[in-house]
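On a predicted model such as this, the values are computed, not experimentally measured, just so you know. By convention here, the first residue in the shown sequence is residue 1. Whatever order the structure lists them in is the order used to number ligands and atoms, beginning at 1.
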Amino acid sequence: MYDYLVVGAGLYGAVFAYEAKKAGKKCLVIDKRDHIAGNIYCKEIEGIQVHQYGAHIFHTSNKEVWEYVNQFAEFNHYINSPVAVYKDETYNLPFNMNTFNKMWGVRTPAEAQAKIAEQRAEYHIENPQNLEEQALMLVGKDVYQKLIKGYTEKQWGRDCKDLPAFIIKRLPCRFIYDNNYFNDRYQGIPIGGYTKIVEKMLDGIEVRLDTDYFEFIKENPDIADKTLFTGMIDQFYDFCYGPLQYRSVRFETEVLDCENYQGNAVVNYTEREVPYTRIIEHKHFEFGKQPKTVISREYSSEWKPGAEPYYPVNNDENNALYEKYKALADQETKVIFGGRLGDYKYYDMDKVIEAALRTVQKELQ
Ligand code: UDP
């Protein structure tokens, strides 16, 4: 009946379906939620686009991807510059001269580098083996202890020694006074929200919401020639090798009767004792002037069945377990996997688009 059954109406599934349709293929997109757009879904509250499943800031250095996504939305000039609160101190992120100046009173790059070198020398780390060693090497112990350790351990629920170094390499460390969180050439927030992007991608494609794949496929085993599955790969195989680990996030969203609550879209709470990791004030992503504001506190937890999986925990054990599932996936002739959950990778949105385009192009060859 269909060429493709696309499981998951998130960004990966939508790009795939859009391209497949353009090539004349008939797709059915299903999603177990009651809305499209997966975790980039935005809901308008008080005239503000609220990122229901966590803040999403589009950034990329890939011009093709930037042009691709600009077909579906116009982007504003938002530049992510989070602020970190540690006890009664406030710092700029990512780690840059503003951070170092506030931390140590240093003014020049040479002074900051000397300070970090002095702190680094205490540890004799040559080849960082985990996130803690990587962080100490990069910024020294003061920044590590105040801005990284507590935040990371809350976010991942694991000791920094048990986490892979690559997680912290996502963040720039620079010796200029520049609070731009990303190094990428292009950045912004889609005007009107992310849901509209996915709506446009899925325009003219049949979508069924509130539809759980595992039940649906029992009743409709021959619905499509092929399936693109963007859900959890371990669940697809009924956890036969055991479950992969994910982190989940709980959002406590509040409408406040004030115009401007925290003066910034993202404020991270980096001490362990504050139970949430960050507070998002959504209106600042779009320079909103509404009389009210909407904030979300983010609480991180280990994923358990029934919760939403957000972040794959890409440590050695999980990556090895994923490889076993991947070996099963590689034998499939009628099922393809993709996205953060299908590929078990900590993808950003631009990487999701890149991967989806690569998959669909290979598929349509
Ligand atoms: N991180 C940190 N302190 C911060 C912000 C980030 O230590 O104030 C570390 C933490 O380990 C986190 C990683 O950097 O998991 C990546 O942060 P990013 O903001 O990229 O996470 P995301 O936005 O994907 O949740």
Query raised in the report: Less than 4.5 Å apart, any side-chain heavy atom of V15 and any of M201?
Result: yes

Report task. Mark up the atoms of ligand 1 that fall under 4.0 Å of a heavy atom belonging to I168, in ascending order. Result -> 9 (C), 14 (O)

Query - Y91: ring-ring contact (aromatic ring centres under 6.0 Å, His included) partners, not counting sequence neighbours - result: none

Report summary line: Here the atoms of ligand 1 under 4.0 Å from any heavy atom belonging to T270 are 8 (O)

Requested in this report: Using distance alone, decide if ligand 1 has a nitrogen or oxygen within less than 3.5 Å of any nitrogen or oxygen in Y311.
Outcome: yes

Query raised in the report: At under 4.0 Å between heavy atoms, which part of I148 makes contact with ligand 1: side chain, backbone, both or neither?
Result: both

Query raised in the report: Can a non-hydrogen atom of R278 be found less than 4.0 Å from any atom of ligand 1?
Result: yes

Query raised in the report: Roughly how far apart are L328 CG and F337 CZ, rounded to 0.5 Å?
Result: 8.5 Å

Report task. Please could you name the atoms of ligand 1 that Q155 approaches to less than 4.0 Å, counting only its heavy atoms? Result -> 15 (O), 25 (O)

Query - Step-by-step ring-ring contact (aromatic ring centres under 6.0 Å, His included) determination, F285 to H51 - result: CA-CA 10 Å; F285 286 126; H51 299 210; 4.8 Å; yes

Query raised in the report: In ligand 1, which numbered atoms sit nearer than 4.0 Å to a non-hydrogen atom of L93?
Result: 8 (O)

Requested in this report: Scan side-chain atoms only and decide if Y68 and E19 contain a donor-acceptor pair under the 3.5 Å cut-off.
Outcome: yes

Query raised in the report: What protein heavy atom sits nearest atom 22 (P) of ligand 1, and how far away is it?
Result: Y346 OH, 3.3 Å

Query raised in the report: Honestly, is R208 close enough over F216, meaning NZ or CZ under 6.0 Å from the six-membered ring centre and within 45° of the axis?
Result: no

Report summary line: Per-atom filter on ligand 1: closer than 4.0 angstrom to a heavy atom of N268 are 4 (C), 5 (C), 8 (O)

Report task. Considering only non-hydrogen protein atoms, determine which one is nearest to atom 20 (O) of ligand 1 and report residue, atom name and distance to 0.1 Å. Result -> R170 NE, 3.0 Å

Report task. Assess R250 against Y299: is NZ or CZ under 6.0 Å from the centre of the six-membered ring, and within 45 degrees of the ring's axis? Result -> yes

Requested in this report: Using the test side-chain contact (heavy atoms from CB on, under 4.5 Å), find all partners of K25 that sit at least two apart in sequence or belong to another chain.
Outcome: D3, Y4, A20, L364

Report task. Provide, to 0.1 Å, the distance between atom 19 (O) of ligand 1 and the closest protein heavy atom, together with that atom's residue and name. Result -> Y181 OH, 2.6 Å

Requested in this report: Verify whether one side chain among N98 and N96 offers a donor that lies under 3.5 Å from an acceptor in the other.
Outcome: yes

Report summary line: re atom 11 (O) of ligand 1, the protein heavy-atom contact at minimum distance is T152 OG1, 2.7 Å

Query raised in the report: Should the pair E74-K196 be classified as a salt bridge under the 4.0 Å nitrogen-to-oxygen rule?
Result: no

Query raised in the report: Taking atom 14 (O) of ligand 1 as the point of reference, which of L171, V139, N80 owns the nearest heavy atom?
Result: L171

Query raised in the report: Would one find an N or O of L147, backbone or side chain, under 3.5 Å from an N or O of ligand 1?
Result: yes

Report summary line: I167 heavy atoms within 4.0 Å reach ligand 1 at atoms 11 (O), 13 (C), 15 (O), 16 (C)

Query - Contacting atoms of ligand 1, where contact means under 4.0 angstrom from a heavy atom of W156 - result: 15 (O)

